[in-house]
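Values in this document were obtained by computation on a predicted structure and should not be read as measured data. Within every chain, numbering begins at 1; the chains are lettered A, B, ... in the order of the sequence lines, protein sequences first and strands thereafter.
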Amino acid sequence: GENVEQHPSTLSVQEGDSAVIKCTYSDSASNYFPWYKQELGKRPQLIIDIRSNVGEKKDQRIAVTLNKTAKHFSLHITETQPEDSAVYFCAASKAGRRALTFGSGTRLQVQP
Amino acid sequence: NAGVTQTPKFQVLKTGQSMTLQCAQDMNHEYMSWYRQDPGMGLRLIHYSVGAGITDQGEVPNGYNVSRSTTEDFPLRLLSAAPSQTSVYFCASSLEGRPYEQYFGPGTRLTVT
């Protein structure tokens, strides 16, 4: 089955700096790569996703990149703010597989 | 829309007890799933369903049963609780064609002593 590895497990940055979280996946047939944000004590929420036919996608301060050849994808957050502090999960799925495989999560702390 | 709802929010069980975690959604989503979240291990899929009457096992199904008699409801049953089942349980739903866009419930924190 699919295996998703996520690094780093914790990340501390100063407000205004950029943060990068990286994930690798094992199943070359995977073609959906969502990212979820989970604030403390809350439910995970989808923040952005990318499909395998796209190399990069941006939404304001958030961007995701995908390298299908290397089977890795990354989340980039620019101009970080304290409200970006949360646990971020990457995930992978593929058409016909009605499930997501999640990475182990990255706890991002933005220091004011 | 209430979205995805779960009850109870908190539960303490003794080893060997059984219970059912409730999950309901009002978005007419075909796909529903149960995850458990443990520190440092992300979200692991327990069981999922692609429609009423259809269920399948996920990554960690042992010790859990599910059924899907209606589109709206997807209860998770713990047959004989064990301390290893202490976790936070999340129910999620999505449209059939969009498995990557899952809507999560608020979670149930379960402690087994």
Once rounded to the nearest 0.5 Å, what's the spacing between atom [atom1] of [X] and atom [atom2] of [Y]?
{"X": "A:L100", "Y": "B:L43", "atom1": "CG", "atom2": "CG", "answer": "9.5 Å"}
{"X": "B:E59", "Y": "A:T101", "atom1": "CD", "atom2": "OG1", "answer": "6.5 Å"}
{"X": "B:Q102", "Y": "A:S93", "atom1": "CD", "atom2": "OG", "answer": "8.0 Å"}

Hydrophobic cluster membership, with links at side-chain heavy-atom distances under 4.5 Å among I/L/V/M/F/W/Y: are [X] and [Y] in one?
{"X": "A:V20", "Y": "A:W35", "answer": "no"}
{"X": "A:L46", "Y": "A:L75", "answer": "no"}
{"X": "A:Y32", "Y": "A:V4", "answer": "no"}

Does [X], at its [atom1] atom, have more than 12 non-hydrogen atoms belonging to other residues, nucleotides or ligands within less than 6.0 Å?
{"X": "A:E83", "atom1": "CD", "value": "yes"}
{"X": "A:Q111", "atom1": "CD", "value": "yes"}
{"X": "A:N53", "atom1": "CG", "value": "yes"}
{"X": "A:L40", "atom1": "CG", "value": "no"}
{"X": "A:E56", "atom1": "CD", "value": "yes"}

Any side-chain donor near an acceptor of the partner, A:R51 and B:Y100, under 3.5 Å: yes
Parallel, tilted or perpendicular: rings of A:Y36 and B:F104 (30°, 60°): perpendicular
Heavy-atom proximity to chain B below 4.5 Å, by part of A:Q38: side chain
Top contributor to chain A contacts, counting heavy-atom pairs under 4.5 Å, from B:G105, B:S33, B:G58: B:G105
4.5 Å side-chain heavy-atom contact, A:F89 and B:Q37: yes
A:F102 vs B:R44 side-chain heavy atoms within contact, under 4.5 Å: no
B:Y103 portion near chain A, given a 4.5 angstrom heavy-atom threshold: neither
Side chain / backbone / both / neither for B:R109 at chain A, heavy atoms under 4.5 Å: neither
